[in-house]
Amino acid sequence: MSEAMGRSAARVQDTAPLSRSGPEPASLADILERVLDKGIIIAGDIRVNLLDIELLTIKLRLLVVSVDKAEEMGIDWWRHDPMLTVGERGMEEENRQLRARVAELEGRGDEQEEARDDR
Amino acid sequence: MTADDQSRARYLYAVCRGLERSAIEDVTALDGQPLDAVCHQDLVAVVSTVPLEEFGEEALRRNLEDLAWLEETVRVHDEVIRAVSNRAPTAPMRLATICFDDAAVRARLREWYVDLTHVLDRIEGCAEWSVKVVAEAAEPGPEDPTSAEVLNGADYLRRKKVEAERRAARDSSVAEAASRIHDALVLLAKASRILPAQDPRLSGHRGTMVLNAAYLVPDEEQEAFAALVARLCTGDDRVVVDSRGPWPPYSFAMLEPR
């Protein structure tokens, strides 16, 4: 990743003139990080459980890593983590466990974000 | 679109202010549909028609688990928002915000008018940059840890102490570098948000992410910001700076708690 970062650093100087919308994001990982969990939340008529989307983010980041990077990096710990693989218990049980984990992680993350948010 | 058709609904991408209809004419939305505008006073909701068999409650639950479906939806969501954000102040909505018909969309604009106006005031004339600062993993010191076996206890502890001090000095110098970068960027930004550091196992970066921040940068500062980031990227070999942008102000589109 540090190589990729170096390239992106070099690219900054080439990007002129700048439009407000920017170039199309290159990878799925980039666009998911940009879009998921972001934007104004106003309840529509279709109830989407926002927590489901948060869960999705975690699952997808794992999946994106597994597709893009994990194998070349030799990372496969998630394959053996029963919380992160869909077993015979099915999606419902998996979601219940992930929900608990998200609640736990969010408890920590929120504090950090509030404390350091400088707006 | 009216409530008569119960097999379709309106997908809400963004709320803009003063968006001209010509800005949405050539943009293809989800399901190959055209974009439409639903107006309330100076606010314009950018919407398109989606089938409920794909975007209804049950279907969404299923589709959100489908990576290919999600990728396509997220990409179109982002394309639409990027297209309109170039033409008018734009507040992106959360993915999959869906109302049954235009009347329901307009009711949301009416109900949230003041709050949406505040958001648009904040982000008008600005774009977002993401900047991540990663400290490279520490180089192993000249002493190999295995050589500790031949040391006596006192030497071993002394060496441990020296290593701990060196590590602490390095950590604080890296934190200093990150805060120097953040302090410099904040001067050109209208607002900033510090986001939680990404987990390296998930994002794949090596080393420690010491800063993950989003900056809301006014249009007139875009080039100065890009130049500053580029300079900061090369100015410090303790850290690697990954910057991306500009893009629509996703991280700054949020309603204040009522």
Side-chain angles (χ1 to χ4, degrees), chain A residues 1-2 4-6 8-10 12-13 15-22 24-25 28-50 52-53 56 58-65 68-70 73 75 77-78 91 108-109 112-113 116-119, chain B residues 9 12 15 55-57 60-61 64 67 71 74-75 77-78 82-83 85-86 91-100 104 108 112 119 127 134 136 191-196 201-202 204-207 219 222-223 226 229-230 233-234 240-248 250-251 253-255:
Chain A
M1 178 112 181
S2 56
M5 287 184 164
S8 123
V12 169
Q13 282 166 314
T15 331
L18 295 163
S19 84
R20 202 186 291 160
S21 60
E24 184 166 352
L28 179 57
D30 286 349
I31 197 172
L32 290 178
E33 192 192 15
R34 186 198 295 195
V35 174
L36 287 182
D37 301 346
K38 304 279 174 62
I40 288 179
I41 301 171
I42 288 180
D45 293 321
I46 302 294
R47 298 286 164 178
V48 184
N49 186 346
L50 285 177
D52 284 341
I53 295 193
L56 183 77
I58 292 175
K59 284 195 225 170
L60 284 173
R61 282 185 184 147
L62 293 168
L63 195 50
V64 166
V65 164
D68 283 347
K69 303 195 182 98
M73 290 170 68
I75 293 173
W77 57 269
W78 46 270
M91 202 60 90
R108 282 207 304 266
Q112 187 189 7
E113 198 168 328
R116 298 176 65 188
D117 196 328
D118 59 18
R119 270 187 306 119
Chain B
L12 179 49
V15 174
F55 288 87
E57 219 157 302
L60 264 184
R61 208 182 301 282
L64 286 169
L67 188 59
E71 173 171 12
V74 168
R75 281 196 189 279
H77 181 89
D78 182 57
R82 281 188 297 122
S85 74
N86 253 352
M93 302 295 294
R94 180 65 59 108
L95 187 77
T97 302
I98 296 159
C99 294
F100 287 136
R108 263 68 175 192
W112 295 94
V119 173
V134 174
E136 305 257 30
S192 67
R193 278 187 74 195
I194 304 284
L195 306 169
R201 288 173 307 184
L202 307 188
H205 65 266
R206 275 195 296 264
D219 289 346
Q222 291 297 324
E223 291 189 22
V229 168
C233 286
T234 54
V240 174
V241 182
D242 176 32
S243 72
R244 287 152 202 251
W247 61 54
Y250 282 102
S251 299
M254 56 183 75
L255 303 177

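The chains referred to below are lettered A, B, ... by the order of the sequence lines, with proteins before strands, and numbering in each begins at 1. Since the model is a prediction, treat every value here as computed from it, not as a measurement.
Looking at every heavy atom in both residues, G44(A) comes nearest to C99(B) through CA-SG, 4.2 Å. The shortest heavy-atom contact between F55(B) and I46(A) is O-CG2, 3.7 Å. Closest approach of R82(B) and R34(A) over heavy atoms only: CD-NH1, 3.6 Å.
Interatomic distance, CZ of R108(B) versus CG of D45(A), reported as 4.5 Å (0.5 Å rounding). Taken to the nearest 0.5 Å, the CG atom of L255(B) stands 5.5 Å off from the CD1 atom of I42(A). Of the inter-residue distances, the one linking I41(A) atom CD1 with M254(B) atom CE reads 9.0 Å to the nearest 0.5 angstrom.
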*Kindly determine whether V15(B) and I40(A) satisfy side-chain contact (heavy atoms from CB on, under 4.5 Å), including the steps that lead there.*
CA-CA 9 Å; V15(B) 174; I40(A) 288 179; 6.0 Å; no
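Most heavy-atom pairs under 4.5 Å with chain A, from the set L60(B), I98(B), L12(B), T97(B): that is I98(B).
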